[in-house]
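Contents: one structure, followed by commentary.
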Amino acid sequence: SKSSPVNVVFYSVVWDCTSKKNGEDLGSSTNGGVSDCLLNGLYKNTVTGKNYNDLRKARPVATARYELYYVWCKKYSPNSKIMLIDFRDTYFELNPFSSNEVGGLLQNEMMLFAEHNPSVTIRTSGFNKKWVHDCYSSAHLDSYGDNSVLCSGSTMGGQPAIYKYL
């Protein structure tokens, strides 16, 4: 059987970051994703070619990356399959879209992956516990705290589904 080539696209971003501790300019260092950063130059004037500075408040890379995903996702055809991953801890042994389960994803479907429960729950994950508590309330944490953490660092699906997700 003839195998089709695997197309992997890697995007590189130059961040403009500051330290959360003291506001020190860190340049393009994201400090492991915990710095507050701007996305200067992500958008540009199509007539003049001039890049725009990001006028919004600096935000963590963990949040800003979704805007990058959104912008990049718009460049793909509705027939494309997209995988959003945290690349630092990802290794491939095979084409991730080659299995029947994943390769058969329809354009309007996507897959989310959960952390191992009961080892990691919303309540036992420091990041997720804080996000649920700070964004919603203690009552929400009480209601959902024993649920599995869905890992936003590993998401895959058809372009229309990923676009809607973003």
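All figures in this text were calculated on a predicted structure; none of them were measured in a lab.
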Distance from [X] atom [atom1] to [Y] atom [atom2], nearest 0.5 Å?
X: H133; Y: S138; atom1: NE2; atom2: OG; value: 3.0 Å
X: L84; Y: W72; atom1: CG; atom2: CH2; value: 9.5 Å
X: E67; Y: R59; atom1: CD; atom2: CZ; value: 5.5 Å
X: D54; Y: D16; atom1: CG; atom2: CG; value: 9.0 Å
X: M110; Y: I82; atom1: CE; atom2: CD1; value: 11.0 Å
X: L38; Y: L55; atom1: CG; atom2: CG; value: 9.0 Å

Check your understanding: What is the ring orientation for Y70 with Y163, classed by angle as parallel under 30°, tilted 30 to 60°, or perpendicular over 60°?
Key ->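 Correct class here is parallel.
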
Review point. Is it the case that Q107 and N79 place a side-chain donor and acceptor less than 3.5 Å from each other?
Key: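 N79 and Q107 do have a side-chain donor-acceptor pair below 3.5 Å.
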
Point to revise | Under 3.5 Å side-chain donor-acceptor pair for S137 and H140 | key: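 The criterion, which ignores hydrogens and geometry beyond distance, is satisfied for H140 and S137.
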
Is it true that a side-chain atom of [X] and a backbone atom of [Y] form a donor plus acceptor pair closer than 3.5 Å?
X: T121; Y: P118; result: no
X: N51; Y: K44; result: no
X: S35; Y: C37; result: no

Practice item. Check the surroundings of atom OH in Y43: do more than 12 heavy atoms from other residues, nucleotides or ligands lie under 6.0 Å from it? Key: yes

Check your understanding: Around atom OH of Y66, are there more than 12 heavy atoms of other residues, nucleotides or ligands at under 6.0 Å?
Key -> yes

Nearest heavy atoms of [X] and [Y], plus distance in Å:
X: S125; Y: V120; value: CB-CG1, 4.1 Å
X: V71; Y: L42; value: CG2-CD2, 4.2 Å
X: K20; Y: P60; value: NZ-CG, 3.8 Å

Practice item. Take R123 and V132 through the test side chain to side chain contact (heavy atoms under 4.5 Å, CB included) and record every step on the way to the result. Key: CA-CA 9 Å; R123 189 180 322 281; V132 170; over 6 Å; no

Check your understanding: Remaining members of F127's ILVMFWY cluster at a side-chain heavy-atom cut-off under 4.5 Å?
Key ->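 Other cluster members: W131.
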
Point to revise | Reference residue I122; test side chain to side chain contact (heavy atoms under 4.5 Å, CB included); the match among V149, L150, D146 | key: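 Of V149, L150, D146, side chain to side chain contact (heavy atoms under 4.5 Å, CB included) with I122 is met by V149 alone.
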
